[in-house]
Amino acid sequence: MSKLDIPKSFESKDYEDALYKQWEASGFFNPDNLPGRRPNAYTISMPPPNATGVLHVGHAVMLAIQDIVIRFQRMAGKRALWLPGTDHAAIATQTKVEKLLKERSGKTRQDLGREKFLAEVDAFVAQSRSTIKNQTRKMGSSCDWSRERFTLDQGLNEAVNEAFVRMYRDGLIYRGLRVVNWCPRCHSTLSDDEVEYRPVRAKLYWIKYGPFVLATARPETKLGDTCVAVHPSDQRYQQFVGQKLMIPGVLGEFEVTVVADAVVDPEFGSGVIKVTPAHDFTDFEIARRHGINLKQVIDEDGRMMSNCGTYAGLTTRQCRERIVIDMEKLGLIEKIEDYDHNLSVCYRCGTTIEPIPSKQWFVSVSTPVKSLGGRSLKERALAAVKDGEVKIIPDRFNKVYFHWLENLRDWCVSRQIWYGHRVPVWYRGGQSPIANRQSPDEIYVGTTPPKGEGWRQDSDTLDTWFSSGLWTFSTLGWPKATKDLKTFHPTDFMETGYDLLFFWVARMIIMSTYLMKAVPFRQVYFHGLVRDEQGRKMSKSLENIIDPLDVIAAYGADAVRLSLVIGTTPGNDTNLSEAKIGGFRNFVNKLWNISRYILMSVDTVALVEKKPKAKTLADRWILAELDELIAVATEQLEQHNFSAAGERIYEFTWSKLADWYLEVAKLEPGKDDILLYILQTLLKLWHPFTPFVTEAIWRRLGTGELLMIQPWPTYVKTSVGSPRYAGVAGKPASVKAQTTAADRKAVAEFELVQSVVSAIRNLRAESNIAPGQKLSAIIIDGKNQKIITRQTAVIAGLARLNDLRVAKTSAKPTGSLSAVVGGFEIYLPVAELLDVKKETTRLQQEAARIETFVNHLEAKLKNQRFLDRAPKAIVVAEQEKLVLHQEKLVLIKRQLESLK
RNA sequence: GGACAAUUAGCUCAGCUGGUUAGAGCGUUGCGUUCACAUCGCAAAGGUCGCUGGUUCGAGUCCAGCAUUGUCCACCA
């Protein structure tokens, strides 16, 4: 043993912060500083966490996966850039600050005024941003902080303005009066995707409506009705179509027009619907198709307007209760039924959405664009995935993406909140009343304010996803033609939760294909939701939240990373528990101790970069296994099968290296170079997954260099199979390490040795022979004697035998435990310790098991159809299997004889 | 209403284009401190692969239907 002093366990907290500082100080997070010629760039644009947020386990997954990819690519010689940032998350942030303000001073944002309120938000965000940045560091994320961006940065604001103006000039942005999703609490519009649905038990009111009886869930909207619609082919109501009818109501009679429209389902209810164009999306469309006026009765506070007589000022809910009572008095209610339906609520605050008419800015997704070859934004974005320019992982999300885009309506991008990018539009003149389609405004749309007096900027801000949609290129300097933009865009790998497919991913594709004439990323990988160990969502009320920072402190960032990656598949939710993290902490410690042993047992610690020559069977075996591991792990990482890659490296580390090879190394001295080579290769393979522990060990090699920039291990590869996958981008051919016949033989032979050792250990355990007690053994075989003879020292050492004899023919040793493995008969003469009855039973059971299997194989091989139709190789394999087991059966029966 | 997942050992999950007696981790049981590691070692027990059909020489794997759970989309007044 050398005098190296290495602690017995890896205490993560003693290393993590110092290592991260060292990495950051090295400058290698910045691709410009990476050593060597690196012709190819590899870029990941980090999904910016909300500036107000704290790191949660969802971020942790994202950071773990992306860091694996970027560290792998960096070691593989790419000019690797992982660009971090934060998102201003307009509505979420404003809502949060409003809440804090209310708690602190009881004031609203209106009390403060726009400017002061925004100053509050800025102060809050500045603080939160630094919090989440430090938390990101705790995960070990190797992102380039020198390029960090914020969606409200000056540069990004320029990008937003530029994008808006270009779209406006191309006729893709227009201002229009529409029924919009309105959140009365946020006082803002919401896009369709920002609306959530909650099932509620409500009432369905059947009301008498002039000559009709019809059903409605919202009787209060009757005050805004301007027409009634029936299906064009509905014979029952033909006579009314086109007529104007006077309908009795709680505020007296009012006039409606009867129209025929195909959206009405004649089978449902009475086949008649009342139409409230101002407060329902479908109704708005009906009214538009038939040139019917709309009548707004609900205002921006969600209250009934002054045109509602005695109901003016009531909330819609209060009004509903009151109006039902009043209608019952007038005999206008036919019946009331229970009714389950979905209530639209704001995704941020849960307030019931009120559809109201409003003049807003929209992005047209269906207008043909010249620069897109006459295609619309929608069509271009569809093509990006259909043509394979963007590959979605897992590909089942393709369908979801197509469906969403195909049904996409124009995107309402203006918001009436204060925090965000202000709409780059200026007005001069009086702003028109909301219900008026004609605007007398003089409008100026531009990236810089117009010259001249009296211009007033639009008070609305843009949907936060409008700026997020530009993220992959606005962060690289667009609209300026920067070097970064040229080098790093399109990015290579986007990774986020599938809940962001519509909100963000699709919009990035829309924006980038239009503004950059290129996709924003070549691949997009969706991770699943992290749930608790019982598969429930993590939530405050369930008290089942796992805080990444807590578990990093307790188990180390490496263990947390492994627990979030191994055992997960893209797009599927995963369950996480502290027990799982604890398990990986144990593994990290195992890796530490493997290293500790190797570093302490070698004479000289040195770099061994070339594969050393094997001297023994075990050497040949482990080196062949390692080559195979490099090939498989590399291929799996390239294909983003992180879990599979990790599992394979894990298995090699623990089940092959630690359990077998290191034990052999204790018996066969002179393996320093091989041990060091394996260790160094393994540290490289693990580094993307567990950067801290691997870097900490690497430092003990004393090279003075960082592991994070070491070259990825190489191997001689053979291609297996061909690229025959259906995937649009084409999956690469499967790759294996090139193995020689000698390698394959070594693996087979060593596996035989392993089975012999396991069999002897099994015999000992079954007979309760203390592990410490030395035994002798006799192994009999005619065919493969040489293997055993050459490996007697290894077998004896691992099986704790003090004497191992190899004989050609069965000497029928009496008083022995026995087993048959790989054609060998194994006898452990234990004499007086032998429980003949127990041993007989054990062997009989074994024999019975094999007999069943032999019968099964015999039956199979007698089946003419199997012989005729199965591939030759399979038949041969089955025949060999049969012979093998028949022989084994004979040997076991012989052993049974010897017990008599 | 439509779509998509999932359903394999007590728990959490692997099992690729169908072909060894279906695997791992955790947990359980027995034994154990051999100088890398008790955050460890050795060994063991534990599964009619949700159900029903079908294709096939052969199905956990492919097809159809069903059931259960979950998610997304749409939403009819």
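These numbers come from the heavy atoms of this one structure, side chains and all, not from hydrogens, waters or symmetry mates. Throughout, a chain's letter reflects where its sequence line sits, starting with A, and its residues are numbered from 1.
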> Sub-3.5 Å donor-acceptor pair from the side chain of A:Asp573 to the main-chain atoms of A:Leu529, do we have one?
Replying inline: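 Flag set: sc A:Asp573 to bb A:Leu529 pair under 3.5 Å.
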Quick one: is [X] getting a side-chain N or O under 4.0 Å of the [N] phosphate, OP1 or OP2?
X	N	result
A:Asn586	B:rC37	no
A:Thr569	B:rA14	yes
A:Lys590	B:rC40	no
A:Lys881	B:rU20	no
A:Ser577	B:rC26	no

> How is the base pairing of RNA chain B summarised as a dot-bracket string, given the Watson-Crick and G-U wobble criteria with both distances under 3.5 Å, [ ] for crossing and | for another strand?
Replying inline: (((((((..((((.....[...)))).(((((.......))))).....(((((..]....))))))))))))....
> Any side-chain heavy atom of A:Val263 within less than 4.5 Å of one from A:Arg289?
Replying inline: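 Yes, at least one pair of side-chain atoms sits under 4.5 Å.
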>> Is the distance between the ring centroids of A:Phe584 and A:Tyr555 under 6.0 Å?
In response: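 No, ring centres 6.0 Å or more apart.
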> Do A:Lys666 side-chain and B:rA36 base share a donor-acceptor contact under 3.5 Å?
Replying inline: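 Yes.
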> Between the side chains of A:Asn855 and A:Thr852, does any donor sit under 3.5 Å from an acceptor?
Replying inline: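 No, no side-chain donor-acceptor contact under 3.5 Å.
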> Choosing from B:rU71, B:rG41, B:rA44, which nucleotide comes nearest the side chain of A:Asp659?
Replying inline: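 Of B:rU71, B:rG41, B:rA44, B:rG41 is nearest to the side chain of A:Asp659.
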> Which one, B:rA36, B:rA6, B:rG19, comes nearest to the side chain of A:Ala870?
Replying inline: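 When the side chain of A:Ala870 is considered, B:rG19 is the closest of B:rA36, B:rA6, B:rG19.
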> Excluding sequence neighbours, so at least two apart, what forms salt bridge (Lys or Arg N to Asp or Glu O under 4.0 Å) with A:Asp659?
Replying inline: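 Salt bridge (Lys or Arg N to Asp or Glu O under 4.0 Å) check on A:Asp659 returns nothing, list empty.
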Base, sugar-phosphate, or nothing: which does [X] touch, judged by heavy atoms less than 4.0 Å apart?
X	result
A:Glu11	base
A:Glu663	base
A:Glu533	sugar-phosphate
A:Arg800	base
A:Trp654	sugar-phosphate

> Does the distance from a Lys or Arg side-chain N to an Asp or Glu carboxylate O, for A:Arg218 and A:Glu354, drop under 4.0 Å?
Replying inline: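 A:Glu354 and A:Arg218: salt-bridged.
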>> Heavy-atom count check: over 12 atoms from other residues, nucleotides or ligands less than 6.0 Å from A:His341 NE2?
In response: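 Buried by this count: over 12 neighbours within 6.0 Å.
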> What residues in residues 266-282 of chain A put a non-hydrogen atom under 4.0 Å from any atom of RNA chain B?
Replying inline: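 The answer is A:Phe268, A:Ile273, A:Thr282.
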